[in-house]
Each structure stands twice: as structure tokens, then as C-alpha cells.
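Taking it in order: structure first as C-alpha cells, then the write-up.
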Amino acid sequence: MRTLNRLAVFALAVASLCNVHPAWSYDQLVEKKTFTLPSLTTVGGKTIKHVQVGYETYGTLNADGSNAIFIPHYFSGTSHAAGKYAATDPAPGYWDALIGPGKPLDTDKYFIVSADNLVNLNVKDPHVVTTGPASIDPDTGKPYGMTFPIVTFRDSVNVHKALVDALGVKHLQAVIGASGGSMLTMEWAASYPELVERAIPVIPGGLAFNPYAVEVASVWASAVTNDPKWNHGDYYGKDEPLQGVAEAMKMVSLSSRHYGWADRTFGRKPAQAGHEPIDSWDNLYAIEATFNAGAAAAAKRTDANSLLYTIKANQLFSVYQAADLQQGLQRIKARVLFIPAESDLLLFPDYSRQAMALLRAQGKQAELFELHGDGGHLDGITQIMQAGPAIRDFLSK
């Protein structure tokens with residue numbers, strides 16, 4: 001997943017449609033490293049042994065460990081936020097336009113850490129390191145499958161906290177992440193309020209995953225679980241549920257876009273000139289054929305169980321967990337900059353406005369910058385530089 005075309009999309013299936021290649025601003029080759037935690041006790045009270053996540057760093061940590069910024073990734077993303085692994089890579093990480101010398105996330109000033117989440121669905125990517133259902137259970141010598149404990153975003157944050165501790169980070173100037181990464185950002189602010197000075201949730205889900213979004217995500221999951229080859233998660237070493245995963249990724253992809261983008265990009269053109277959909281069931285519209293092809297390619301790169309666990313982590317997101325809302329918000333000390341996208345039909349801009357109002361009602365400092373365009377949810381990746389000056393200004397306060 002080294003190209004922006006593959007990585008920058010909430011759903012990898014439509015990545016080839018974006019044609020977005022920002023300038024390579026972080027001009028050093030990036031090394032993927034691995035962090036290992038001997039064991040993790042999850043929010044649900046289960047123990048996971050030998051936990052590993054991959055990570056990348058950009059810039060240099062200062063002597064007192066106070067200039068760090070952490071980047072958690074989005075739903076189908078990885079830690080590859082900037083730079084290239086090799087000079088021959090077609091394109092850099094997904095937020096390369098934002099990260100680098102003189103950029104809003106200035107690597108001459110900040111030490112930036114980006115890490116893979118637990119249950120990363122891109123586990124087949126050799127540049128991804130993650131512990132999840134596809135990992136080998138040390139007690140059985142076989143893949144966990146659906147016996148792997150359910151994990152929350154807070155569990156990933158706890159692993160990431162151990163990572164930054166190991167790196168010598170004493171203070172986080174900011175945590176900034178998009179989509180699922182926005183939820184991890186707010187988990188950071190709620191879980192480690194003394195460490196996090198600023199929180200910048202991009203295309204955010206607010207302070208808890210909305211019930212509407214819970215059901216949208218449930219529909220994605222059902223495409224996998226209804227595939228007979230999923231076999232209740234027992235498919236390792238067998239035929240994988242590729243059709244179910246493809247259908248799920250197609251739905252995720254469509255959810256991440258806006259009807260204006262679809263009209264502008266495809267219109268009602270047939271997939272092949274002269275092959276009109278009215279003439280045969282085999283004749284598709286261009287948008288159908290493109291989504292089908294993208295989803296089929298994405299399915300080959302995606303672990304079905306990891307996709308389900310990632311969906312569950314999104315559904316479980318709530319910064320106040322079992323506590324009431326007021327208690328949860330009282331824990332947050334960070335100043336917050338919400339960056340929604342105006343055309344987002346998945347995590348609606350209203351979620352950000354509601355969250356900002358709730359924080360302000362508790363006496364917290366919160367502000368908002370809205371991204372403009374018809375790209376939908378994905379504008380949080382492709383149009384992030386609209387917010388570049390706002391991010392730079394927020395970091396300077």
C-alpha cells in the first residue's frame with residue numbers, strides 16, 4: 001500500500017479514481033519499524049500476548065521529548081503518512097503534502113510518529129505490522145480468527161502510548177488523525193489528558209460513533225459474514241471470502257464519496273463506448289465497472305476478519321465509555337480543532353459542530369475549520385491542505 005492512490009482512500013477500492021499525487025515534500029526515505037509489547041489487557045478485560053504494531057517517524061525528537069506529534073490512521077489506512085520507502089515508489093504516504101520541512105506539520109520543528117492500529121485490515125501488506133485475528137495465537141500455534149479479543153480504539157491508543165513512551169516522548173504537541181484516526185485522536189485526549197496539548201480530529205466522528213453510523217458499518221460487515229466462505233472466521237488456509245469482502249469494500253467506498261463527485265467523475269457514461277446498459281445485463285455504467293474492479297482488487301489485499309474487527313472498533317468508539325458524558329468530557333484538557341468536510345455523507349459535519357458545542361459547554365477550548373468540495377468523506381485526505389494554514393496557526397497557539 002505504498003501509493004497515495006491505494007492508501008489515501010477510506011476504501012481502497014476507488015483509490016485509482018483519485019489521481020492525486022501531491023509533491024513529495026518529506027524528501028527522506030522512511031523506515032518501517034516494529035514496536036513490541038509483551039502483553040496487553042484490553043478494555044474488555046482480555047489479555048493479548050506479544051502485541052506488535054508498525055510505526056514510522058519523521059523529524060527529530062528534541063532533548064526533553066516535548067516536540068512530538070502523533071498521527072493515528074484512518075479506517076483502511078496504515079502508518080505510512082509521508083515519504084517513501086524507496087525512491088522508486090510511485091507516490092508517497094497519504095498526508096505527505098502536510099508533513100515535511102516547512103509544511104504545517106513541520107519536520108524541522110516537530111518529531112512525528114505514525115503507527116499502525118491493532119487489527120489493521122491491511123495485514124497482508126508487507127509494510128504493515130499489526131496484531132489481530134490473522135496473527136498466530138501463541139497458545140495454539142494457529143491464527144486467532146474470531147477468538148481474538150474484541151478491541152477498541154482505546155486499546156490501540158494504549159499500545160501507541162507505550163510506543164511513544166519507549167521512544168522517549170514526554171509531551172505531545174498534538175494528535176491529528178482522519179476518520180477512524182479522528183476517533184483515536186479524541187481517545188488520546190480523553191485517556192491521556194496530561195500528555196496531549198492539542199487534538200485535531202479530521203473528518204471526525206464527533207465524541208461517539210453515531211447510531212446511524214453504527215448501522216451503516218453493520219451493513220458493511222454483513223457483506224462479509226453472509227459470504228459462506230467466511231465460515232465464522234475460520235478460513236485461514238482455505239478459500240477466503242473474497243466476494244463478501246469486495247462487496248463490503250465497495251459499500252465503504254461509496255459511503256466515502258459524494259454524489260457530486262460521482263456525477264463529475266463518471267456521469268452516466270457506459271463502461272465501454274457503444275455498450276449501452278439497456279442492451280445487455282453485461283453492459284455496465286462506468287461507475288459500476290470501476291467500483292467492481294477496485295473492490296475486487298481491494299479484497300485480495302484485505303483480511304476479512306480484520307475488516308470486521310476494525311468495523312467493531314469504530315462502532316464501539318465513545319470518549320466517555322461507561323461514564324456519563326459530562327464525566328468523559330471533563331477528562332479532556334486538550335484544545336481541539338475539528339476539521340470536517342462539508343460534503344461528507346458518512347461522518348456528517350454536524351457531528352463536529354455538536355461535539356464542539358458540547359466541549360464549549362464544559363468550558364473547553366474548541367474550534368472548527370470546514371473543508372470545501374464535493375469529494376465527500378475522502379476530502380479529509382485529498383483536500384487536507386485547505387486546512388494547512390489553520391493547522392499551522394493552531395499549533396502555534
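Just so it is clear, the model here is predicted, and its values are computed rather than measured. Values reported hereafter were calculated over all heavy atoms of this structure, with side chains retained and with hydrogens, waters and symmetry mates removed.
Here the side chain of S114 pairs a donor or acceptor atom with the backbone of S79 at under 3.5 angstrom. Here the side chain of Y235 pairs a donor or acceptor atom with the backbone of N305 at under 3.5 angstrom. Judged by distance alone, the side chain of T302 and the main-chain N or O of A304 form no donor-acceptor pair under 3.5 Å. T107 places no side-chain N or O within donor-acceptor distance of the main-chain N or O of G59, the cut-off being under 3.5 Å. Distance alone, capped at 3.5 Å, is enough to place a donor-acceptor pair between the R198 side chain and the K397 backbone. Side-chain atoms of R360 come within 3.5 Å of backbone atoms of A366 as a donor-acceptor pair (strictly under, hydrogens ignored). Judged purely by atom type and a 3.5 angstrom limit, E342 uses its side chain to pair as donor or acceptor with the backbone of G373. Of the possible polar contacts, one joining the T130 side chain to the N117 backbone as a donor-acceptor pair under 3.5 Å is found. Remark: the backbone N or O of P101 is not paired with any side-chain donor or acceptor of D108 at under 3.5 angstrom. A donor-acceptor pair is defined here as one N or O able to donate and one able to accept, closer than 3.5 Å; such a pair exists between the side chain of D227 and the backbone of G244.
Going from atom CD of Q315 over to atom CD1 of I150 covers 10.0 Å, rounded to the nearest 0.5 Å. The structure places CG of L118 at 6.5 Å from CG of L40, a figure rounded to the nearest 0.5 Å. N314 contributes atom CG, which lies 11.5 Å from atom OG1 of T152 (distance to the nearest 0.5 angstrom). Taken from CG in L371 to CG in D379, the straight-line distance is 6.5 Å, to the nearest 0.5 Å. The NE2 atom of H232 sits 9.5 Å away from the OG1 atom of T225 when rounded to the nearest 0.5 Å. For the atom pair CD of Q354 and CG of L359, the computed distance is 12.0 Å after rounding to the nearest 0.5 Å.
When all heavy atoms are compared, the tightest approach of T60 to N67 is O-ND2, 3.0 Å. The two residues L61 and L167 come nearest to each other via the heavy atoms CD2-O, 3.3 Å. Contact between S156 and L184 at its shortest, heavy atoms only, is CB-CD2, 3.8 Å. Of all heavy-atom pairs spanning L254 and F291, the tightest one is N-CE2, 3.7 Å. For S66 against Q173, the heavy-atom pair with the smallest separation is O-NE2, 2.9 Å. Considering all non-hydrogen atoms of both residues, V164 and W188 come closest at CG2-CH2, 4.0 Å.
A salt bridge links D374 with R264: the closest approach of a Lys/Arg side-chain nitrogen to an acidic carboxylate oxygen falls below 4.0 angstrom. Salt bridge status for D139 with K49: present, with a side-chain N to carboxylate O gap under 4.0 Å. The pair K103-D106 does not count as a salt bridge, with every side-chain nitrogen at least 4.0 angstrom from each carboxylate oxygen. Salt bridge K250/E288: absent, no basic N to carboxylate O contact under 4.0 Å.
L121 is not connected to V123 by any chain of hydrophobic side-chain contacts under 4.5 Å among Ile, Leu, Val, Met, Phe, Trp and Tyr, and they are in different clusters. Hydrophobic clustering (side-chain heavy atoms under 4.5 Å, transitive across Ile, Leu, Val, Met, Phe, Trp, Tyr) groups I48 together with L308. Residues V219 and V224 fall within the same hydrophobic cluster, defined by Ile, Leu, Val, Met, Phe, Trp and Tyr side chains chained together at heavy-atom separations under 4.5 Å. Hydrophobic clustering (side-chain heavy atoms under 4.5 Å, transitive across Ile, Leu, Val, Met, Phe, Trp, Tyr) groups M356 together with V319. No single ILVMFWY cluster, assembled from side-chain heavy atoms under 4.5 Å apart, contains both W220 and L242.
Applying the ring pair (Phe, Tyr, Trp, His ring centres under 6.0 Å) test to residues at least two apart or on different chains, the pairs with a partner in residues 149-177 are F70-H160.
When the shell of 6.0 Å around NZ of K229 is examined, it contains 12 or fewer heavy atoms from other residues, nucleotides or ligands. Other residues, nucleotides and ligands contribute more than 12 heavy atoms inside 6.0 Å of the NZ atom of K124. Annotation for K364: atom NZ counts as buried by contact number, over 12 foreign heavy atoms lying within 6.0 Å.
In this model, no donor atom of one side chain and acceptor atom of the other lie less than 3.5 Å apart for Q52 and T34. Donor-acceptor pairing under 3.5 Å is lacking for the side chains of N62 and Y110. Between T131 and H50, the side chains place no donor N or O within less than 3.5 Å of an acceptor N or O (distance only, hydrogens not considered).
A cation-pi contact, defined as under 6.0 Å to the ring centre and within 45° of the axis, is absent between R353 and F338. Cation-pi contact between K142 and Y236: absent, since separation from the ring centre below 6.0 Å together with deviation from the ring axis within 45° is not met.
Aromatic ring centroids of F266 and W261 lie under 6.0 Å apart.
When each of D116, N120, T78 is paired with H73, the side-chain hydrogen bond (donor to acceptor under 3.5 Å, both in side chains) condition holds for N120 and for no other.
A 4.5 Å side-chain heavy-atom check between V113 and T57 finds at least one atom pair inside the cut-off.
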Starting from the C-alpha separation in whole Å, work towards a yes-or-no answer on side chain to side chain donor-acceptor pair (under 3.5 Å) for E56 and Y85.
CA-CA 10 Å; E56 303 172 16; Y85 295 124; 2.4 Å; yes
